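Taking it in order: structure first as structure tokens, then the write-up.
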Amino acid sequence: MAVSTSDAPKTRRRGTDAPFAAQYHDWLRMMHLIRRFEERAGEAYSIGQIGGFCHLYIGQEAVAVGLISALRADDYVISAYREHGQALARGITPRAIMAELYGKATGCSGGKGGSMHLFDLARGFMGGHGIVGGQIPLGAGFAWAAKYRKTEQVSLTFFGEAAANIGSFHEALNMAGLWKLPAVFVIENNGYGMGTAVKRSAAITDLHLRAASYGMPGVEVDGQDIVAVREAAETAYARARAGEGPTLLDIRTFRYVGHSMSDAASGTYRSKEELDASRQRDPIALLEARMRDAGLLDDAALAELVASVAAEVADAATFAEESPEPEASELWTDVFAPTGEEG
Amino acid sequence: MAVSTSDAPKTRRRGTDAPFAAQYHDWLRMMHLIRRFEERAGEAYSIGQIGGFCHLYIGQEAVAVGLISALRADDYVISAYREHGQALARGITPRAIMAELYGKATGCSGGKGGSMHLFDLARGFMGGHGIVGGQIPLGAGFAWAAKYRKTEQVSLTFFGEAAANIGSFHEALNMAGLWKLPAVFVIENNGYGMGTAVKRSAAITDLHLRAASYGMPGVEVDGQDIVAVREAAETAYARARAGEGPTLLDIRTFRYVGHSMSDAASGTYRSKEELDASRQRDPIALLEARMRDAGLLDDAALAELVASVAAEVADAATFAEESPEPEASELWTDVFAPTGEEG
Amino acid sequence: MATLTYRDALNEALREEMQRDGDVYLMGEEVAEYNGAYKVSRGLLEEFGPMRVVDTPIAELGFAGIGVGSAMTGLRPVIEMMTWNFALLAIDQIVNVAAKIRYMSGGQIGCPIVFRGPGGAALQLGAQHSQAFESWYAHIPGLKVVMPATPADAKGLLKSAIRDNNPVVFIEGEMLYNLKGEVPEGEHLVPIGVADVKRAGQDVTIICHSKTVAPALNAAKALSEEGIDAEVLDLRTIRPLDEEAILRSVAKTHRVVVAEEGWYFAGVGAQIVDLIQREAFDDLDAPVLRVHQADVPMPYNKYLEKAAKADATKIAAAVRRVCYKD
Amino acid sequence: MATLTYRDALNEALREEMQRDGDVYLMGEEVAEYNGAYKVSRGLLEEFGPMRVVDTPIAELGFAGIGVGSAMTGLRPVIEMMTWNFALLAIDQIVNVAAKIRYMSGGQIGCPIVFRGPGGAALQLGAQHSQAFESWYAHIPGLKVVMPATPADAKGLLKSAIRDNNPVVFIEGEMLYNLKGEVPEGEHLVPIGVADVKRAGQDVTIICHSKTVAPALNAAKALSEEGIDAEVLDLRTIRPLDEEAILRSVAKTHRVVVAEEGWYFAGVGAQIVDLIQREAFDDLDAPVLRVHQADVPMPYNKYLEKAAKADATKIAAAVRRVCYKD
Ligand SMILES: Cc1ncc(C[n+]2csc(CCOP(=O)(O)OP(=O)(O)O)c2C)c(N)n1
Ligand SMILES: Cc1ncc(C[n+]2csc(CCOP(=O)(O)OP(=O)(O)O)c2C)c(N)n1
Ligand SMILES: [Mg+2]
Ligand SMILES: [Mg+2]
């Protein structure tokens, strides 16, 4: 793996197919599930069934699936507010997530968290955080805990490229590098922070080079090619579990939609042309082509997959709609730990 | 000037003497003045004439004098709490500084600031700040103001190497690089943040390499050789005034004393041997040798210089002792601007 | 007078002050090309250009410090916090530098800066995005804290804040931006530190600010039908607090309810209670009661959120209690 | 009982709890090899090693977040802030994560963490190093705020804080570290949320905490010679506040002075006044008065600093006024 102290950006290209072929179907289904889920969430939002802020993941599916599919069940995952896709990839059910977006008692945060605050402790899914960069030190903290307990767990932290300019990024990566924590820091580089393009917010645009400040490898990865993402993930996890320290991945991807439901996909800060161009390397289409080439997918199989995903998402929406609101008394619970269970 | 994206540390060696020979005497006198002033401040502190925290600059004199001697009168200087030397180099009188340490009304901050908060707006000396790293965005702000007003002023920001691990360093340098601000960021790298050696606080010890994250040159400089410091300063200022943007200087120096008056010079975290070794390249002795080689200094001249410096510091101490305390009413002034002078 | 939204009133204040004084500039996330996350700065980039309307990276601590530094040299920055929740990252520069630099420098260095943006809760934004921090900033000597509730006050107070030579924490409200009202054109200055009687009344005083002003007026309307004539006093400025206006009203009504959006413990209302019981102890016919957010992080669910928030119903109930009419 | 300094009582609490529970670790600047900037952690590195006594870079936001993250996995970190002034840089992690994570996650994820270090002013450290922020933390639901005034309480409360399953803001005092007192050996637990009558009295209640306890006792001593018998109530915990203990004392004395180190506006004292006038309105024979820091940034000059601080003289004067004896 390239250490980032040299100038040339390292782009991980499609790797050999062999090792992963058996998992393509699962990956493809999960990417379709994420996309369909997000489309449905967008519909629900636009008719007021979902409130607050809602940030969709459409276009970035290969990043979450490629990275999370390679994790151990006891590893930790943490992200920002654009985390529906990562939550699904980590195995939280569409029902529990959709119900959370609806604010229902059956949601994965009991209706108290919402779209930006999805949690599932049993799956090591640690949120869902709304303050840009705030999850980066937390991710380093999970890695610290893994090192403390000698469990060889990995802590996987997702954040947007705009978060690479905030102080917590610098402080957390320095300590992670200094202490060789088993952490993998993922810049989900979709090119924009709200309406601000990378070149207007970062003094350098090859963000993987920042790894050099922290004594860790920095790798640029093609985020539309799930195989490239998966390969980068495995290298980074192996390094982390071996006690060799953290890795910074700069994963280049695209956000097909607006920053949030209240932002247009194109217009003010990016052109329709740019947006259309970005869709040319669609992560789902790329994997489908790869599978067809390898004779692992035909129209019938794809149709069946798409149909089952649609059904699962429809079921999740129905479940969310029919689920009860939290009890009024829930307003007052979960502020403090139940008494009598001191450590 | 070397851009820091390559691995090899660039150490600026003694430059040619010619261009600066005329200024050696002033530099030497200022370095002696700083050292003698700090010795006297230390004495005053130990008998309770000075209170609070007191961080001495002994050993680092060439850094302040080399950098500040090359500034224009209308440039800005800002530092942390170890700033007596920089305040003197910027021309604040020993009387006004010593009086401030004594908390007297005649002090450069009216007795309200103290050792950590020396100010002189007329000289563009903007403090004296106590929160590690807090002055770095402020220094970028002076540079922003210079760019806004098109004045070709430079903003010179001093901070310790331990401050290079805090978020404000990252945020400020990124914006300075992004906006090509006329700023020079100086890591006064004395090897320790309180009791913590660089290698225990930073994931990489060649801190000038961090400049690569911000698209600016990063240069390692021999901070005991005032000529090397001065040369690095001139290159960086020229770049800033030309609108080419900021520079990060990693200036290697030594703190001969403890972190503050309440910390021993050696013992707990560094050995007597290490401390003695560091004194082998004393910045004052090095310049004296250079001057003697060039026939610019003899024993008589040196004795005279030392005597006049001693007299000036003694006068400053007497002035401070005899100066009045601030009026009791001063407690309530300077919280808000005088009314009636709205902008 | 033109009828403007609170948003456009702020925009007008910014435009007028930037036209008036070349040292005034606006800096923050998405303020320029995006016209502001809440469109408060619409059109300003076009009119004033990229040096005076400046998009920043996401680096609240850094750009707050850059703003403070530039103000130390005499510029008059307006630093937009996309929301005040994010200002927690910048609070060191606001509290340790902006609020103290004049004092620490013995009066040499001023800091004429405005930090502005929406505070408090909107709708279903969850715990991290729904916080009212005015009591925190008001706690700090050296800061002024301004919180307009109407479009006219928004314009007049922002203009005064920009001309003020001290750091001003100017807290708006996402839920107020679309509020419409009459706004005087041009040179309309509302002085900082002066409260405003939004409704005169005899029986009880409802002290409120920002987002609790409208509910207080609604409560007063409802109560008038029950024969309770409530005075609604809008603080407009939290610091310096208009103590005279508060005591004047209390001397008239002898009963007080303080309504604020934030949490109760050491909130703004607590300070007002302290003032009243100290300075008007014998005027009071009943203990002062407070209405505030439920003492929990803000929940996402819309019904729980509604139950958590201060509203007209809760204000009216508190008024009935202080009038012993419940 | 052994006589220990407040510093050594804290050290004993840390040592005992680290011996008791392998999930407890200490992290912060200079806590390990340097034995702590104020030597509170002396000897702990030696006994527990570098994974459990951890020196950090200067990165308050980062290591506070690392602590919070590790607590989310069930570890029980004690995060030392070299002083609470520097915690302003970390306050986003304390307020937006530690205080809210349990609520936002619907009760799934706890955060058993202690943030500790000296708060308030020492001697001549200037404006940026002399601030008391307890009212800020106490404002936030989800945080507990503990401020012991004696060595025994320091040990007993720190042990309770470390065993508490919630985030605890534990504020010590540089000026208290050398204070000596009797400290029970071993399993000495002082419950969080329980105030303590440090001196019983009949005529007036002085409510205080942390650094105002000693001056309150001195004032009470002086006042007793004037025939005023003052009760001194040490809050010990700011949040949850022991409201019963306060109201019990007020019901007895009918007169109250609240003394705190920090600024007045929306300070802890304001909340106590709010409580008392609401719950004990008819018990009060005089308005509650408050003693606090002058409403200015802390000056460096020693005489100005002394004049700015709350002390026994000011407390005694306030007591005379509430007793109408001045
Ligand atoms: C500290 C902070 N500042 C500002 C915001 C408002 N905000 C939310 S998302 C966002 C853009 C983040 O962009 P990026 O990190 O690239 O992530 P993306 O949205 O592209 O996934 C901003 C400015 C915030 N939530 N937190
Ligand atoms: C934010 C913050 N954290 C901690 C401190 C306490 N502190 C004061 S100086 C210092 C060490 C700084 O070392 P360095 O930056 O190398 O400067 P030097 O003292 O060596 O000149 C520390 C930890 C502080 N003042 N501010
Ligand atoms: Mg992005
Ligand atoms: Mg240092």
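A note on names: the letters A, B, ... follow the listed sequences, proteins ahead of strands, and every chain is numbered from 1. Because the structure is a prediction, the values reported are computed rather than measured.
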* So which of Gly130(B), Ser109(B), Gly127(B), Gly110(B) has the biggest tally of heavy-atom pairs under 4.5 Å with chain C? ->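 Going by pairs under 4.5 Å, I would pick Ser109(B).
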* If you count heavy-atom pairs under 4.5 Å with chain C, which of Leu178(B), Leu118(B), Asp120(B) comes out on top? ->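 When all of Leu178(B), Leu118(B), Asp120(B) are compared, Asp120(B) has the most.
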* Examine Tyr81(B) together with Phe53(B) and report whether their ring centres are nearer than 6.0 Å. =>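 So the answer is no for these two rings.
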Evaluate the side-chain proximity of [Y] to [X]: yes if any heavy-atom separation is below 4.5 Å, no if none is.
X	Y	result
Ile50(B)	Met261(B)	no
Tyr148(B)	Val54(C)	no
Glu171(B)	Pro57(C)	no

Between [X] and chain C, with a heavy-atom cut-off of 4.5 Å, which part of the residue counts as in contact: side chain, backbone, both or neither?
X	answer
Leu331(B)	both
His129(B)	side chain
Leu121(B)	both
Thr333(B)	backbone
Phe169(B)	neither
Glu330(B)	backbone

* Against chain B, work out which of Asp164(C), Asp21(C), Leu143(C) has the most heavy-atom pairs shorter than 4.5 Å and name it. =>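 Ranked by contacts with chain B, first place is Leu143(C).
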* chain B contacts, top residue of Ile109(C), Val68(C), Val24(C), Ile162(C) (heavy-atom pairs, under 4.5 Å) ->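 Heavy-atom pair counts peak at Ile109(C).
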* To do: Would you confirm whether Asn166(C), through its side chain, and Lys144(C), through its main-chain N or O, come within 3.5 Å as a donor-acceptor pair?
  =>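 Not at all, since once roles are kept as given, no pair shorter than 3.5 Å links the two residues.
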* Side chain, backbone, both or neither: which part of Gln108(C) has a non-hydrogen atom closer than 4.5 Å to chain B? ->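 Both parts, backbone and side chain.
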* By a 4.5 Å heavy-atom criterion (distance strictly below it), what part of Thr56(C) contacts chain B: side chain, backbone, both, or neither? ->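 Both parts, backbone and side chain.
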* **Ionic contact status for Lys159(C) with Glu17(C), cut-off 4.0 Å** =>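 A salt bridge is present here (some side-chain N lies under 4.0 Å from a carboxylate O).
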* Pair Arg210(B) + Glu161(B), salt bridge at N-O below 4.0 Å ->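 Between Glu161(B) and Arg210(B) there is no salt bridge, as every charged N stays at least 4.0 Å from the carboxylate O atoms.
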* Asked: Would Ser70(C) and Tyr25(C) count as having a side-chain donor-acceptor pair, cut-off 3.5 Å?
  ->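 Yes, Tyr25(C) and Ser70(C) have a side-chain donor paired with an acceptor closer than 3.5 Å.
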